Undergrad: 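Take this structure first; my questions come after.
Keep in mind the model is a prediction, meaning the values are calculated, not measured. As the structure lists them, so they are numbered: ligands from 1, and atoms in each ligand from 1.
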Amino acid sequence: MAEARPSSLPRTVAETTRDLNAWIEVDLGALAANLGALRAAVGAGVEVIGVVKANAYGHGAVPVARELERLGVERLAVFSPAEAVALREWGVTRPVLVLGHSFPAAARAAVASGITLTIDTRSLAEAVSGAARELGTTARVHVKVDTGLHRFGLDPEAAVVLAEAARRLPGVEVEGLWTHMANADEEDDSFSGQQAARFEEVARRLEWIPYRHAANSATALRRPGLRLGGVRLGLSLYGLRPDRFGPDPGLVPVLSLKARLARVLSLQAGEGVTYGLTWRAPEPSTVALVPVGYGDGWRRSLGNRGWVLVGGRRCPMVGRVMMDQFLADVTSVPGAAEGDEAVLIGAQGEEAIGAEELAGLADTISWDILASLQARLPRLYHREGQIVR
Ligand SMILES: *Cc1c(COP(=O)(O)O)cnc(C)c1O
């Protein structure tokens, strides 16, 4: 009998995935490389705010946040107070900024966890102040200026009023002022210039607020003048370009989605596959069952349109995507067998399928493709194929 291996020995991704139907591989080396490339692109003196909302765009919020922290990222950002508190519960210690709305009832838990809320109402500012006094601490807050996106935040005039009011509340330190661009990743991003002018005007009136930020990935790459005190990087940290217009700092995709063929079967010409029999074999064909479905976040709209890599070849997805599985035509891969690895996102041999390509096929954006990947998929964190705990 083979000796049991001491569990402290590093294990490879290959060993770990032998018994898995489907899984996500998160390449921490690529994450570090992207951070380095982005730091070089935005220059010294600009903080990196690592955006880990929506489960770190499907990569796993806690492991990614902890790795970014280890790599020296100055701050982290999420959407909701609940996401922020969860990071603290799992040991994340860097400043965590909430980018979305918080209800006053969420203030106490956030302040107790040392979370930086973005305030948009007087009642929230007062709730933060009350919690800070009760806990004997000082709570930092940021103020969001709506300069034209018309999403979350306050009009310039209201932002000034709230910031001045919050400044006077005991236990509250207004640390940051920020905004967000509407057309940063459009070919014509000139509206960013107008938004920047509105933001500067507010910032002039609130010059006592020390920290300013306005850039997501696209803005950070395309508009050096808007890098300010820090840049809020999401997609680019995960190795994808937000658009084709800004410079390419040489990003490497961090996430791969893989599965093992669960069944390989031969079809005669005319036989159909899966619900509705929407695809029929045009000639005697070999098809393979891939155990990933829309319940994992794999788009149903990719049915009869997408591809998977098997044996280093692009194999067309055939029939409908179901909750847990779909089929691919592997006729071009002689010897395809149960247990073979299929790559849904990532590289295999000379071929690669990226989230951008899938977004194009599924009529969405790469952010959506990644953020849709569900918790059901096990996530493995590795450096050069060695599992990292
Ligand atoms: C999600 C988000 C970001 C990150 O955007 P990317 O395009 O992924 O870099 C930055 N700022 C705000 C306010 C966000 O909501």
Undergrad: Mark the output for Trp178 as yes if a heavy-atom distance to ligand 1 is under 4.0 Å, and as no if none is.
TA: yes

Undergrad: Is Ser217 close to ligand 1, meaning an N/O of one under 3.5 Å from an N/O of the other?
TA: yes

Undergrad: What atoms in ligand 1 come closer than 4.0 Å to a heavy atom of Tyr57?
TA: 1 (C), 4 (C), 5 (O), 6 (P), 8 (O)

Undergrad: For Thr16 and Trp23, does a side-chain donor sit closer than 3.5 Å to a side-chain acceptor?
TA: no

Undergrad: Which is closest to atom 15 (O) of ligand 1 in terms of heavy atoms, His180, Lys144, Lys53?
TA: Lys53

Undergrad: Do the side chains of Asp188 and Asn183 get nearer than 4.5 Å, heavy atoms only?
TA: no

Undergrad: Could you see which bit of Trp367 sits under 4.0 Å from ligand 1, with heavy atoms only: side chain, backbone, both or neither?
TA: side chain

Undergrad: Counting N and O atoms only, with roles assigned by atom type, does the side chain of Asp329 sit under 3.5 Å from a partner on the main chain of Val287, one being a donor and the other an acceptor?
TA: no

Undergrad: Between Gln195 and Thr147, does any side-chain donor sit less than 3.5 Å from a side-chain acceptor?
TA: yes

Undergrad: Within a strict 4.5 Å, meaning less than it, do heavy atoms of the Trp208 and Val174 side chains meet?
TA: yes

Undergrad: Apply side chain to side chain contact (heavy atoms under 4.5 Å, CB included) to the pair Met181 and Arg223, showing each step before the final yes or no.
TA: CA-CA 11 Å; Met181 300 301 154; Arg223 295 233 167 208; over 6 Å; no

Undergrad: Flag Val51 as yes when one of its N or O atoms lies below 3.5 Å from any N or O atom of ligand 1, and as no otherwise.
TA: no

Undergrad: Any atoms of ligand 1 less than 4.0 Å from a non-hydrogen atom of Leu235? List them with their elements.
TA: 6 (P), 8 (O), 9 (O)

Undergrad: Do side-chain atoms of Arg88 reach the backbone of Ser113 as a donor and acceptor pair under 3.5 angstrom?
TA: yes

Undergrad: Check the pair Tyr211 / Thr116 against side chain to side chain contact (heavy atoms under 4.5 Å, CB included), numbers first and verdict last.
TA: CA-CA 13 Å; Tyr211 188 61; Thr116 309; over 6 Å; no

Undergrad: Please confirm whether Tyr238 comes under 4.0 Å of ligand 1, counting heavy atoms of the residue only.
TA: no

Undergrad: In terms of atom number and element, which parts of ligand 1 are under 4.0 angstrom from non-hydrogen atoms of Arg151?
TA: 13 (C), 15 (O)

Undergrad: If we set the cut-off at 4.0 Å for heavy atoms, which region of Pro242 has an atom near ligand 1: side chain, backbone, both, or neither?
TA: neither

Undergrad: Is ligand 1 under 4.0 Å from a heavy atom in the side chain of Met181, in the backbone, in both, or in neither?
TA: neither

Undergrad: N/O of Gly234 under 3.5 Å from N/O of ligand 1, yes or no?
TA: yes

Undergrad: Is it possible for you to check whether Arg66 lies under 6.0 Å from the centre of the six-membered ring of Tyr381, through NZ or CZ, and within 45° of that ring's axis?
TA: no

Undergrad: Students should be able to answer this: which protein heavy-atom is nearest to atom 11 (N) of ligand 1, and at what distance?
TA: Arg232 NE, 2.8 Å

